[in-house]
J.: 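What follows is a single structure, and I will ask about it in a moment.
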Protein chains: 2
Amino acid sequence: MTTAAQVFQALGDATRRDMMERLTDTALSVSALAAPYDMTLTAVGQHLAILEAAGLIKTEKIGRVRSCAINPAGLEVLEQWARARRPLWQRRLDRLGDMLDEDDA
Amino acid sequence: MTTAAQVFQALGDATRRDMMERLTDTALSVSALAAPYDMTLTAVGQHLAILEAAGLIKTEKIGRVRSCAINPAGLEVLEQWARARRPLWQRRLDRLGDMLDEDDA
DNA sequence: TCAATGGTCAAGTTTTAGCTTCACTATTTA
DNA sequence: TAAATAGTGAAGCTAAAACTTGACCATTGA
């Protein structure tokens, strides 16, 4: 099961967000995915496991090569989380008339 | 400045997500927010600092009480991040015809 | 005015996330 | 079939995140 918690945690890491960007327009093998990072293949494999558990990618091993591709399921979890809360949050703000300052330090 | 990185990291923590839920329909003081957790007030203050830096809440100290309320700015960052990527990700999946299995283990 | 309340600061501890090493398996190519 | 390629598993290290302690300040109510 993919939870919002998993998706948030997965995307909280810069390397994993970058991997997602790189998978946007093409599927990549673990090695290809690993190439730009100063990191062992093992570490990359661990990142991929986290992304897959979060439902953000799908992987399939063909022969000795594991192909990694985007899985929009995780993104949907994210969007639904945001969509479910925004009206409530917005409504509350409207009710109070935004009594707090508008600048975020 | 509020970045996607900050928002993801902030919401990756279960306590902080729960705090956001509890702020949905009312503003709360630090003590009131802290009450349900088996955690010191200091720790709660640290969580709030992270949420505020991420643009997810706004706080204002009136007298000796700090009032904490939802700030939709952080949520917007999240929604925009998802909205910007979904069409690209979806397009790619359509192009390939979803060659990978549909189950997410 | 002085004790209680609400919160903050600096410093330290504990737990967890990210990463490495090394040994290993399975597949492919020469 | 032997060497190279692609990746995995288990264990340990390290640095960052979560949390605590203890001292402290400002506000408020008795």
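In what follows, every heavy atom counts, from backbone to side chain, and hydrogens, waters and symmetry copies are set aside. Every chain is numbered from 1, with letters handed out A, B, ... down the list of sequences.
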J.: Can you tell me the distance, in whole Å, between the CD1 atom of A/I50 and the C1' atom of D/dT8?
T.: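 Whole-Å distance recorded here is 16 Å.
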J.: Tell me which pairs pass ring-ring contact (aromatic ring centres under 6.0 Å, His included) where either residue lies in residues 2-26 of chain A, with sequence neighbours left out.
T.: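 Sorted result for residues 2-26 of chain A: A/F8-A/W81.
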J.: Please list each protein N or O that sits under 3.5 Å from an N or O in nucleotides 15-17 of chain C, with the distance.
T.:
none

J.: Check this one for me: any side-chain N or O of B/H47 less than 4.0 Å away from OP1 or OP2 of D/dC19?
T.: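 For D/dC19, OP1 or OP2 has a side-chain N or O of B/H47 closer than 4.0 Å.
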J.: Of B/S29 and A/M39, whose nearest nucleotide on DNA chain C comes first from the 5' end?
T.: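 Nearer the 5' end of the strand: B/S29.
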J.: Among all residues two or more places apart in sequence or in another chain, which pass the side-chain contact (heavy atoms from CB on, under 4.5 Å) test with B/A5?
T.: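 B/A5 satisfies side-chain contact (heavy atoms from CB on, under 4.5 Å) with A/R17, B/T3 only.
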J.: Name the pairs: protein N/O against N/O of nucleotides 8-10 of chain C, kept only if under 3.5 Å.
T.:
residue: C/dT8; atom: OP1; partner: B/R66; partner atom: NE; Å: 2.6
residue: C/dT8; atom: OP1; partner: B/R66; partner atom: NH2; Å: 3.2
residue: C/dC9; atom: N4; partner: B/T42; partner atom: OG1; Å: 3.2

J.: Below 3.5 Å is the cut-off: list the nitrogen or oxygen pairs between protein and nucleotides 26-28 of chain D, distance only.
T.:
residue: D/dT27; atom: O2; partner: B/R64; partner atom: NH1; Å: 3.0

J.: Would you mind reading off the distance between B/L48 atom CG and D/dC19 atom P, rounded to a whole angstrom?
T.: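 About 12 Å, once rounded to whole Å.
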J.: Looking at CG of B/L75 and OG1 of B/T2, how far apart are the two atoms once the value is rounded to the nearest 0.5 Å?
T.: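 Rounded to the nearest 0.5 Å, the CG-OG1 separation comes out at 12.0 Å.
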J.: For residues 34-42 of chain A, which side-chain donor-acceptor pairs fall under 3.5 Å, sequence neighbours excluded?
T.:
residue: A/Y37; atom: OH; partner: A/D18; partner atom: OD2; Å: 2.7
residue: A/Y37; atom: OH; partner: A/R22; partner atom: NH1; Å: 3.2
residue: A/T40; atom: OG1; partner: A/A43; partner atom: N; Å: 3.2

J.: Not counting sequence neighbours, list each pair that qualifies as a salt bridge (Lys or Arg N to Asp or Glu O under 4.0 Å) and has a residue in residues 73-88 of chain B.
T.: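 Non-adjacent pairs meeting salt bridge (Lys or Arg N to Asp or Glu O under 4.0 Å): A/E21-B/R85, A/E79-B/R86, A/R86-B/E79.
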J.: Taking only residues two or more places apart in sequence, or in another chain, which ones meet B/A32 in a side-chain contact (heavy atoms from CB on, under 4.5 Å)?
T.: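 In terms of side-chain contact (heavy atoms from CB on, under 4.5 Å), with neighbours along the sequence ignored, B/A32 is linked to B/L28, B/S29.
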J.: Under 4.0 Å: is that the gap between some side-chain N or O of A/T40 and OP1 or OP2 of C/dC19?
T.: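 For A/T40, the contact criterion (side-chain N or O under 4.0 Å from OP1 or OP2 of C/dC19) is not met.
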J.: Using the ring-ring contact (aromatic ring centres under 6.0 Å, His included) rule, collect all pairs that involve residues 40-71 of chain A, keeping only residues at least two apart or in two chains.
T.: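 Checked against ring-ring contact (aromatic ring centres under 6.0 Å, His included) - neighbours excluded - no pair reaches residues 40-71 of chain A.
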